[in-house]
Amino acid sequence: MTSSKPDRRGLRAAGLLAVLVAATALAACGTEPGSGSCTETAIAVEGVRVSDPVAPLTLTATMTAGGKPVEGAELAYFIAVGKTGEKAVGRRVGASTTGVDGVARYRRQAGVDGLAFSDERVDGYSVEFNPINKIGGVQYCRARADAALTVG
C-alpha cells in the first residue's frame, strides 16, 4: 500500500486555491458604486446645528436608488470628532433602518454630550450603507454621505 500524503497535500492546496478564488470572486462582484454588479444608491443628509449639547439629537438620512426610496436598508451613523489642527475620525454612534419612504432617523437621547473629550471638537457626521445581503431581491451598492454638525 502506498502513502497518500502527497494526495492530501494536493487536496489541501486545491482546497486553499478554491477558497482564495471564491473570496476573490466575492470581493470582485462587490457592492462598490460603478462596479456594475449592484444597483447604485444615494444617501441625502443635511447639516445640523446644535445649541444645547445635552438636548436630544436626531439625525435624518434618506436613501434612494434611481430616485426612488429604498426600504429596509440599515444605515450606520458616525460622528466626526477630532482635536484642533488634527483630522477628525468617525465614531459609530448607532444605526437605523429606512422606512417605506427611504428615511431613517437616528436619535441620541443624550445629544452630543459625551461624544468628545474636552480637548476635542465635534466636526460633522456621516451616514453609511454597507450592504451585506440583498434587500427585496436587489443587491444595492455601498453609499455614504457627510454633513456638518455644528455645536454652539
*Asks:* Decide whether Val81 and Val93 are clustered together by the hydrophobic rule: side chain heavy atoms of Ile, Leu, Val, Met, Phe, Trp, Tyr closer than 4.5 Å, transitively.
*Replies:*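 Yes, because Val81 and Val93 connect within a single hydrophobic cluster, where side-chain heavy atoms sit under 4.5 Å apart.
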
*Asks:* When you compare the side chain of Asp146 with that of Val45, does any pair of heavy atoms fall below 4.5 Å?
*Replies:*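 No, their side chains stay 4.5 Å or more apart.
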
*Asks:* For the residue pair Pro131 and Tyr140, what are the closest heavy atoms and their distance?
*Replies:*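 What the structure gives for the nearest pair is CG-O, 3.1 Å.
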
*Asks:* Quick one: do the Arg144 and Ser126 side chains pair a donor with an acceptor below 3.5 Å?
*Replies:*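 Yes, a side-chain donor-acceptor pair sits under 3.5 Å.
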
*Asks:* Report the distance from atom CD of Glu71 to atom OG1 of Thr98, rounding to the nearest 0.5 Å.
*Replies:* 7.0 Å

*Asks:* What pairs with Thr58 under side chain to side chain donor-acceptor pair (under 3.5 Å), at least two apart in sequence or on another chain?
*Replies:*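 Here the qualifying residues are Arg107.
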
*Asks:* Any chance you could measure Ser96, atom OG, to Arg105, atom CZ, to the nearest 0.5 Å?
*Replies:* 8.5 Å

*Asks:* So, Arg121 side chain and Ala116 main chain: donor-acceptor pair closer than 3.5 Å or not?
*Replies:* no

*Asks:* Report the distance from atom CG of Asp119 to atom NZ of Lys83, rounding to the nearest 0.5 Å.
*Replies:*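 Atom-to-atom, Asp119:CG and Lys83:NZ are 4.5 Å apart.
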
*Asks:* Taking Glu128 for the side chain and Ala145 for the main chain, is one N or O donor matched with an acceptor at less than 3.5 Å?
*Replies:* no

*Asks:* Compare every heavy atom of Leu75 with every heavy atom of Ala61, then report the nearest pair and how far apart it is.
*Replies:* CB-CD1, 3.9 Å

*Asks:* Measure the spacing between CD of Glu74 and CZ of Phe129 and express it to the nearest 0.5 Å.
*Replies:* 9.5 Å

*Asks:* Look at the side-chain heavy atoms of Ile, Leu, Val, Met, Phe, Trp and Tyr, link any pair under 4.5 Å apart, and say whether Phe78 and Met63 land in one connected group.
*Replies:* no

*Asks:* Might you point out which heavy atoms bring Pro53 and Ser51 nearest each other, and give the distance in Å?
*Replies:* CD-O, 3.7 Å

*Asks:* Look up atom OH in Tyr106 and atom CG in Leu57, then write down how far apart they are to the nearest 0.5 Å.
*Replies:* 7.5 Å

*Asks:* Take Asp123 and Leu149 through the side chain to side chain contact (heavy atoms under 4.5 Å, CB included) test and state the conclusion after the steps.
*Replies:* CA-CA 6 Å; Asp123 213 24; Leu149 176 56; over 6 Å; no

*Asks:* Flag the pair Thr64 / Thr41 as yes when at least one side-chain heavy-atom distance between them is below 4.5 Å, and no otherwise.
*Replies:*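 They are not in contact (no side-chain heavy atoms under 4.5 Å apart), so the answer is no.
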
*Asks:* Would you call Pro33 and Arg142 a side-chain contact if the rule is heavy atoms closer than 4.5 Å?
*Replies:*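 With C-beta onward as the side chain, the pair touches.
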
*Asks:* In the structure I gave you, are the side-chain heavy atoms of Thr31 and Gln139 within less than 4.5 Å of one another anywhere?
*Replies:*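 Touching, per the 4.5 Å side-chain cut-off.
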
*Asks:* Roughly how far, to the nearest 0.5 Å, is OH of Tyr125 from CG of Leu59?
*Replies:*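 Answer for the CG-OH pair, Leu59 versus Tyr125, is 5.5 Å.
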
*Asks:* Check this for me: does any side-chain nitrogen of one of Arg91 and Glu120 sit under 4.0 Å from a carboxylate oxygen of the other?
*Replies:* yes

*Asks:* Could you report the tightest heavy-atom contact between Cys38 and Glu32, atom names first, then the distance?
*Replies:*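 Scanning both residues completely, I find the closest heavy atoms to be SG-O, 3.6 Å.
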
